[in-house]
Asks: 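This is the structure, below, for whatever I ask next.
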Amino acid sequence: MVLYEVAVDAPLATTLTYSQPVERVDPLPTGCCVRVPLGKRLVVGYILGVVHHQNLDEQPFTVKPIAEVLLESPLFPPALIPLYQWIARYYLYPIGKVLRTAIPLTPGSRSSQRVRAKMRSVISPGPLLLSQLSTAVDHGGDAVVDHLQRNYSITLKPAEKKTLQLFLSIFCEHEQHPIDRLLITRQYPGASPRLRRLCELGILEETDEQVIRDPFSRVMETPLRPVQLTREQKAVLETVLPTLATGNFSPFLLHGVTGCGKTEVYLQTVQHALDLGKTALILVPEIALAAQLESHFYARFGAQLAILHSGLSDGQRFDQWQAVRSGKVSVVLGARSAVFAPLENIGVIIVDEEHEPAYKQEDGLRYNARDLAVLRAKMTGCPVILGSATPSVVSYFHSMQDKYTLLTMTTRVKEQALPLVEIVDLTTTKRSRPDLAFSDELIRAVAETLHQGKQSLLFVNRRGFSPFMLCRDCGFILQCQHCHVSLTLHRKNNRLLCHYCGAGQPVHTICPVCHSPRITGMGIGSERVEEEVKQLFPEARVARLDSDTAVKRNYYLKVLQKIQAREIDILIGTQMIAKGLHFPHITLVGVIWADSGLGMPDYKSAERTFALLAQVTGRAGRGEDRGRVIVQTYQPHHYSIVLAQNQDYQAFFTSETAVRRPLGYPPFSRLVNIRFSGLREKQVEEAARQSASFLRQQHQHGQVEILGPSPSPLPKLKNHIRWQLLLKSPSSPLLHALCEALSSEKKRICPSSVTMSIDVDPENMM
DNA sequence: AGCACGCCGACT
DNA sequence: GTCGGCGTGCTC
């Protein structure tokens, strides 16, 4: 009898053994997708291989047959199995879940080949509740319960009442929009059967709603034709190209200033791989950038190109995946998850903007696609190019240690000078309008730019009007009830919003603590900057891009077109305008508060600040005229700001490593952050303490530092109390052994009401 | 993750 | 009694 090793979609550390489906003789190929019985239910699984068992009878379990073959043809090449297994071990994540993440198709459903919209389940008031909605909002759920009893003789059980009450409160918080089902079940895990009954009774209604996909898909861009290469481009290609033919792992770090022509290097390298009959994989940090590179790659490789990112519909993704799998296409361009593309015979892997935090997946399997790209290149035996204008400190350190070959490009293609960067010290500079977010220098610069008929870009890192509400009498800062973070004032709809859980409430006019009416919005968000700009330059044509305005993809595209057409003079925006976009008539970039990230309790904050400043600086002067950048800051002498002025990466690297070395932070160590979260403070704290003492007991030779446990920097999020435990060690194996021990003892240490999640190589410590 | 089972306190 | 709210254990 043939037995199969199956990775099932359940949080199990090991694979399980299943037998041949009944009434089937042909063996099933490795990589095919099946449905298997697990306990009392059926789950999706992937066949990882055939098991050769001599004495099956001595096994402590009874082998069940595979219930159904969901997809006959293998979804991934067998060569990827060692990668999956490595990931499961390294990130301490169940193997079946690793495959589910790596293969972003939904073969579980009947029609995975049809194009389908991305859906989520939402709850809204049903017919019975709808007529009573105003009563419910004004007088609470009890009034509704009474009404249902009187008019329909419906009696709700206590748990159902509780569910209804919970629904009503969330519903009101979300301004009476339909509520994501998960918002309810996350706060009240037992809600599912109650919701079902409330829906049956017609009190609530459950519908599938289409999730609006990423708004950035098709940024217009004129594809570049192969051009005369610069000397630097030639030199880089001459180093890289020979490694494509050998089939050896060769990692490169390509450090090139913005505008140095990295894209052309990528294109020619990929072309070379194709000429050798091999394939190529290109990763970009986010879809907005994928769209930009997409046009270049499409112009060059046309039908040979596949695109893989989360903005695709299931159907599109399925088609792209199969095209790659079958060898119909040889070039894959995509975001994070494209690192799992089922390519074979890879000639080169390219990771653009390798320093970007977006390569780290922050939920579920917390992998870093940049690191996996390097690993995949190693397993495959091919070159990998990590490209960036501001390499991550860790990657640059590797190049200093000769683990990576460093390639440097220092001149811009069109010989453009880098923009002139001026730093404005907000602590000492006198301001004629101290009530505004603008220094006189910035006001003057915007006015001048406006006068010249050029465009300005103003960068703010927070959306909304004011990031917090302060009582001027007692100093109280309004916080979200579910999250312990300050509420942001949004002027547009005049509400206070939590940026972590999305809950909203009306603006308070009196302080809830001391009842003072002197409660005001403090701090600067993008809405406020927009308002001030309109006040300062009433004649200017102004637009704002942040995640509040860009939810509508059409709006985003319209703004981009208007900038292109020079119908906008001043663009205000958050992170999303820092990357990629290049418009020749933007000559001025203003950074409203450059050091805002430096206060974060995170060892990477200086690195991020430097990269961000370098990035926004790159937005200025992409045309004929030399750009100008004005950086407002309260920390004008901080090295990340001073050194960003001349884009002096090497000096930054030296300063940053000098800070990290004595503290033993990466690259001088590896980190693992262990997070505990749950609804009850006591339990979470206890689980964290138990885990810490278990680890300290396991490990006594002092090679691993165990820091904590302590409440997370964001100690409460979406009603969940959060604690964390940080492990730090120069020895990856030791660190790993400890995590494995903890992981296998997880159930004994950590009650099921507390979630423990292990974040290996954390990108974000919050 | 689900799902069953079993325990315990708080009500009809 | 028995309902609802946990905690625990298992899945080839």
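Proteins get letters first, then strands, A, B, ... in listed order; numbering begins at 1 in each. The figures here come from the full heavy-atom set of this structure, side chains too, leaving out hydrogens, waters and symmetry mates. As the structure is a prediction and not an experimental result, all values here were calculated from the model.
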Asks: Could you tell me how far apart A/R194 (CZ) and C/dG5 (C1') are, to the nearest whole angstrom?
Replies: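 Spelled out: CZ on A/R194 to C1' on C/dG5 is 9 Å.
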
Asks: C/dT11 P sits how many Å from A/K64 NZ, rounded?
Replies: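 Distance check: A/K64 NZ to C/dT11 P gives 9 Å.
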
Asks: Could A/K162 and A/Y188 be counted as a cation-pi pair, given that NZ or CZ must be under 6.0 Å from the ring centre and within 45° of the axis?
Replies: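 Checked: cation-pi criterion met.
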
Asks: Quick check: closest heavy atoms across A/S19 and A/V63, and the distance to 0.1 Å?
Replies: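 Heavy atoms only, the tightest pair is N-CG1, 3.5 Å.
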
Asks: Heavy atoms under 4.0 Å, any strand shown: does A/R748 hit a base, just sugar-phosphate, or nothing?
Replies: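 No contact.
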
Asks: Closest to the A/K747 side chain: C/dG4, C/dC10, C/dG7?
Replies: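 Nearest to the side chain of A/K747 among the choices is C/dC10.
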
Asks: Nearest to the side chain of A/P158, which nucleotide is it out of C/dG4, B/dA1, C/dC12?
Replies: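 Looking only at side-chain atoms, A/P158 lies closest to C/dG4.
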
Asks: If you count the non-hydrogen atoms of other residues, nucleotides and ligands that lie under 6.0 Å from CD in A/E740, is the total more than 12?
Replies: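 Above 12, so yes.
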
Asks: Atom CG of A/L182 to atom C1' of B/dG2: distance rounded to whole Å?
Replies: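 That distance rounds to 15 Å.
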
Asks: With respect to the side chain of A/S753, which nucleotide from C/dG7, C/dG4, C/dT11 is positioned closest?
Replies: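 Per side-chain heavy atoms of A/S753, the pick is C/dG7.
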
Asks: Within less than 4.0 Å of OP1 or OP2 of C/dC12, is there a side-chain N or O belonging to A/T62?
Replies: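 The answer is no; no side-chain N or O of A/T62 sits under 4.0 Å from OP1 or OP2.
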
Asks: Which parts of nucleotides 3-11 of chain B does protein reach within less than 4.0 Å, heavy atoms only, written one letter per nucleotide 5' to 3' as B for base, S for sugar-phosphate only and - for none?
Replies: ---------

Asks: Send over the distance from A/R196 CZ to B/dG2 C1', rounded to a whole Å.
Replies: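 Between C1' of B/dG2 and CZ of A/R196: 12 Å.
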
Asks: Please work out if A/P37 contacts a base, only the sugar-phosphate, or nothing of the nucleic acid, heavy-atom cut-off 4.0 Å.
Replies: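 The answer is sugar-phosphate, as A/P37 gets under 4.0 Å only of primed atoms, P, OP1 or OP2.
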
Asks: Output the single nucleotide from C/dC12, C/dT8, C/dG5 whose closest atom is nearest the side chain of A/K162.
Replies: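 The nucleotide sitting nearest to the side chain is C/dG5.
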
Asks: On DNA chain C, compare the nucleotides closest to A/C750 and A/Y188; which residue's is nearer the 5' end?
Replies: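 Between the two, 5'-proximity favours A/Y188.
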
Asks: Rounded to whole angstrom units, what separation is found between the CD atom of A/E5 and the C1' atom of C/dT11?
Replies: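 Rounding to the nearest Å, CD of A/E5 and C1' of C/dT11 are 16 Å apart.
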
Asks: Would you indicate what A/K97 reaches in the nucleic acid, counting non-hydrogen atoms under 4.0 angstrom: base, sugar-phosphate, or nothing?
Replies: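 Touches nothing.
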
Asks: Tell me if the aromatic rings of A/F76 and A/Y84 count as close, with their centers under 6.0 Å from one another.
Replies: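 Judged by ring-centre distance (under 6.0 Å), A/F76 and A/Y84 do meet the cut-off.
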
Asks: Could you state the CG-P distance from A/D9 to C/dT11, rounded to the nearest angstrom?
Replies: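 Distance, rounded to whole Å: 18 Å.
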
Asks: By the 4.0 Å heavy-atom rule, please label A/E160 as base, sugar-phosphate, or nothing.
Replies: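 The residue A/E160 makes no contact with any strand.
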
Asks: Residues in ring-ring contact (aromatic ring centres under 6.0 Å, His included) with A/Y90, at least two apart?
Replies: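 Result, ring-ring contact (aromatic ring centres under 6.0 Å, His included) vs A/Y90: A/W86.
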
Asks: If only side-chain N and O atoms count, and only distance matters, is there a donor-acceptor pair under 3.5 Å linking A/R181 with A/S192?
Replies: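 Distance-only check passes for A/S192 and A/R181.
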
Asks: Evaluate ring-ring contact (aromatic ring centres under 6.0 Å, His included) for A/Y46 paired with A/Y4, printing each intermediate quantity in order.
Replies: CA-CA 10 Å; A/Y46 296 95; A/Y4 298 100; over 10 Å; no

Asks: Is there a side-chain polar atom (N or O) of A/Q683 under 4.0 Å from OP1 or OP2 of C/dG7?
Replies: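 Yes.
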
Asks: Side chains of A/Q320 and A/Q316: is there a donor and an acceptor less than 3.5 Å apart?
Replies: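 Checked: A/Q320/A/Q316 side chains show no N/O donor-acceptor pair below 3.5 Å.
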
Asks: In whole angstrom, give the distance that lies between atom CZ of A/R35 and atom P of B/dG2.
Replies: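 Distance check: A/R35 CZ to B/dG2 P gives 14 Å.
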
Asks: Whole Å only: how far is the CD1 atom of A/I749 from the P atom of C/dG9?
Replies: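 Going from CD1 in A/I749 over to P in C/dG9 covers 14 Å.
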
Asks: Contact class for A/T15 (heavy atom, under 4.0 Å): base, sugar-phosphate, or nothing?
Replies: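 Nothing, no heavy atom under 4.0 Å.
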
